[in-house]
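Working notes for the structure below.
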Amino acid sequence: MISLRDLRVSYGAREILHGINLDVRRAETLVILGGSGSGKSTLLRTLVGLERPSSGEIWLRGKNLATISDKDLDEIRRKLGMSFQSGALFGSMTVGENVGLPLREHTKLEDSTIEIMTRLKLEQVGLGGFEDYYPSELSGGMKKRAAVARALSMDPEILFFDEPSAGLDPIIAAGIDQLILELKQAFHMTIIVVTHELASAWLIADQMVYIDKGVIIAQGTPAEMKANPLPRVRQFFDRVAEPEVEQEMDYLQMLTAEHRRPVRR
Amino acid sequence: MEVGVRALPVLSVITFFIGLILALQGAYELRKFGAIHFVADAVAISMTRELGPLITAIVVIGRSGSAFAAEIGTMKVNEEIDALETMAISPVQFLVTPKFLAMILMLPCLTIWANFMGILGGSLFGVAQADFSFLGYINATVDALFLRDIITGLIKSVMFGMTITAVGCSEGLNTGVGAESVGKSTTAAVVISIFLVVVVDLVFTSLFFFAGKG
């Protein structure tokens, strides 16, 4: 379904992803794990074409996104759905208009048909009856659900989630996990989730990858990952804090400001 | 709608005052030549050819140019622009095109209104100080104006509208990360718009001047 070959992405002179190789099979849920600044969000943005790779290949629906024309990219994007971390709903439109927007822009369906489809999608994410509300009137969890409904509106083959449970309380977050599981079972969609919420990762993943400093250092099923002996991975799973100062030399370097600057994002 | 109708009250007051100021300043000089009755001509021509379009543009920059940058900038920060792109909807087509149309349509309309209010402001002085009757002042204005004066002003206002939209939207789309950068884009939009509007004004005014002579 998706194949990445030696994918490298840079912001300016700074390389964020240093050669990612990854395959995602159809109808599989892949969870991309990693700490803050590991490059996992950049990987997701690259997969939906928001960032262009500096080298390498991204094969998606038989096309290489690295060299694709804007027109072909838009063609592929109609088959992708993306749920953003903040929801990214348009504040000037109602929830229903948000969900119906891709249909309105890309299809010649009648308004009444679009309304029905919008209600259907909202029903699927548990927001039936909320189509006339504005995003500002919804809670955080409802916004996320509405964003998922919008991502679903074009019946995508692949669904992307950026931090679906970030900023939500555990109960609402569990509800979002449940929603992802339902979508997976009902539509056999390929789902790619970026998160650092371990509880939800164990629950929804078929496959997991762990990204650290722009490279994949561990990969496998949840069971394989649990057994992974790499210290960096164990540290993440066991929630161990970064040792404050690892070595005296590092400490000296930090004081003289010659250490590598912490990577943001 | 937002660009046009809501700008009317503030624009009306400002241009009314500007018209009055023009009359006062003009009369100060004209009086020396005993030509105070030319004050109507002075106000009419400077309003329609120059100040009407320019003041309107500056009011609209403050109201709408900044709002464009802030709106699009906030959308950028909230990942809404990214969301449009992943839905295969071009942000330029979806967000910028309607604003262009609104501006190109509304700015000339506002300019006509501004011209009218400025002339009205001038007439206050004309009636009070220059022995005009109100109708006499309006007649003098109509006699002084050529259609060309109004048309050149309106052509300029269309150009101003394009400039303001282009700057406001491009500043918005180039917003960086975080709420602070929205503020920066908004400020930049206003400053750059005012500068470019004056440049465009100069270019077209000289164009009209030399075209008119030739």
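Below, read A as the first sequence line, B as the second, and so on, with proteins coming before strands; counting in each chain starts at 1.
- Counting only heavy atoms from C-beta outward, the side chains of A/Phe90 and B/Met75 approach each other to under 4.5 Å.
- Shown here is B/Phe17, whose CZ atom has no more than 12 heavy atoms of other residues, nucleotides or ligands within 6.0 Å.
- When the shell of 6.0 Å around CZ of A/Arg52 is examined, it contains more than 12 heavy atoms from other residues, nucleotides or ligands.
- Under a cut-off of 6.0 angstrom, the local environment of CD in A/Glu137 is crowded, with over 12 non-hydrogen atoms contributed by other residues, nucleotides or ligands.
- Put simply, the side chain of A/Leu101 reaches to within 4.5 Å of the side chain of B/Leu84, judged on heavy atoms.
- Put simply, the side chain of B/Glu85 reaches to within 4.5 Å of the side chain of A/Arg77, judged on heavy atoms.
- Under a cut-off of 6.0 angstrom, the local environment of CD in A/Glu182 is crowded, with over 12 non-hydrogen atoms contributed by other residues, nucleotides or ligands.
- For the residue pair A/Arg78 and B/Ala88, the shortest heavy atom distance occurs at CG-CB, 4.1 Å.
- Nearest heavy-atom pair, A/Ala88 versus B/Glu80, reported as atom, atom and distance to 0.1 Å: O-CG, 3.7 Å.
- Interface remark: B/Met87 contributes backbone and side-chain atoms alike to the contact with chain A (heavy atom separation under 4.5 Å).
- Considering only heavy-atom pairs separated by less than 4.5 Å from chain B, the leading option among A/Val48, A/Leu89, A/Leu73 is A/Leu89.
- In terms of heavy-atom pairs under 4.5 angstrom with chain B, the leader among A/Glu105, A/Gln85, A/Met82 is A/Glu105.
- Within the 3.5 Å criterion, the main-chain N or O of A/Gly87 finds no donor-acceptor partner in the side chain of B/Glu79.
- Within a 6.0 Å radius of CZ in B/Phe94, other residues, nucleotides and ligands contribute more than 12 heavy atoms.
- Contact of A/Asp70 with chain B is not made at all, since no heavy-atom distance falls under 4.5 Å.
- The closest side-chain heavy-atom distance from B/Thr86 to A/Leu80 is not below 4.5 Å.
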